[in-house]
Amino acid sequence: MSLFTITVPASTCVVRYHQGALVGVLPAGRHRRRWGASDVPVDLRRSWIRVAPQEIPSSDGIHVKVSAAVLHSVGDPVAYLELTDDPRATVYLAAQVALREALAGLTADELVQRQSVLPVRAMVEAVRSVAATVGVEVHEIVVKDVVLPPEIRSAALDLATAQKRAQVQLEAARAETAALRAQANAAKLLDDHPALAQLRLIQSAPCGTKLVIQVGDTASLTEAASTD
């Protein structure tokens, strides 16, 4: 540390006051020290504010717990220091209100299938307008968890289980139908070709079995030999 200069780190700025009055904002780099001045560092890096789960009544009357996270950074260091004692709390409250107002018009199913239906842009704009008044810039809002009541989760699990069982039964029926169709085709083929049916009979007979095959008016005795 120098007696005549101060060094402001990267991703940081310093708000300088002298005798209680604002002097200016010092960016990253080396600056001349001013005796009697008060230098307040402000971190300019982006960070997340995590909004705890809160119950939101959906449009179909189901109370759903929803949590979110707000990506923000300091946009106006002077406003960030002077307008409120806790700017992050202001952003947190704005995010809670925006989350409730934006999601209250959706059904529980729409909240669960949140990738395509959640009005995230409207939430960002609502929080951004409030956050700007305390020197905070909002970059993104992410809806993290959507938790349904236990009864709804149990019903959804039962429905999913029933759908899977129905799918298994459908596949089994399709396999059985295909097997019956193959057997019918094979039976028709044997009816159209009697010699093939006789050959199939001989092949399927156990070793040592004696078969009498009637060909026209002549009967012949055939002994099935083992092919092992």
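Numbers for residues simply follow the sequence, beginning at 1.
- For Ala69, the side chain to side chain contact (heavy atoms under 4.5 Å, CB included) partners two or more places apart in sequence, or in a different chain, are Trp48, Lys144.
- Considering only residues two or more places apart in sequence or on other chains, Arg45 meets the salt bridge (charged side-chain N to carboxylate O under 4.0 Å, His left out) condition with Asp43.
- Under the rule for a side-chain hydrogen bond (donor to acceptor under 3.5 Å, both in side chains), the partners of Tyr17 that lie at least two apart in sequence or sit in another chain are Glu82.
- Glu125 is linked by a salt bridge (charged side-chain N to carboxylate O under 4.0 Å, His left out) to Arg128, counting only residues two or more places apart in sequence or in another chain.
- Grouping Ile, Leu, Val, Met, Phe, Trp and Tyr by side-chain contacts under 4.5 Å, direct or through others, leaves Val168 on its own.
- Among residues two or more places apart in sequence or in another chain, the side-chain hydrogen bond (donor to acceptor under 3.5 Å, both in side chains) test is passed with Ser67 by Asp145.
- Thr177 places a side-chain N or O within donor-acceptor distance of the main-chain N or O of Ala173, the cut-off being under 3.5 Å.
- Members clustered with Leu170: none, using a 4.5 Å side-chain heavy-atom cutoff among hydrophobic residues.
- Pairs engaging residues 72-81 under the salt bridge (Lys or Arg N to Asp or Glu O under 4.0 Å) rule: none recorded [sequence neighbours left out].
- For Pro57, the side chain to side chain contact (heavy atoms under 4.5 Å, CB included) criterion is met by His63, Arg100, not counting sequence neighbours.
- When each of Ile49, Val127, Val70, Asp86 is tested with Tyr92 by the rule side-chain contact (heavy atoms from CB on, under 4.5 Å), just one qualifies, namely Ile49.
- Counting only residues at least two apart or in different chains, salt bridge (Lys or Arg N to Asp or Glu O under 4.0 Å) contacts with residues 4-30 comprise Arg16-Asp39.
- Judged purely by atom type and a 3.5 angstrom limit, Gln54 has no side-chain atom pairing as donor or acceptor with the backbone of Val66.
- Contacts of Arg174 classified as side-chain hydrogen bond (donor to acceptor under 3.5 Å, both in side chains), with partners at least two apart in sequence or in another chain: Glu171.
- In this view, Ser11 satisfies the side-chain hydrogen bond (donor to acceptor under 3.5 Å, both in side chains) rule with no residue, not counting sequence neighbours.
- If you check the side chains of Ser73 and His139, you find a donor sitting under 3.5 Å from an acceptor.
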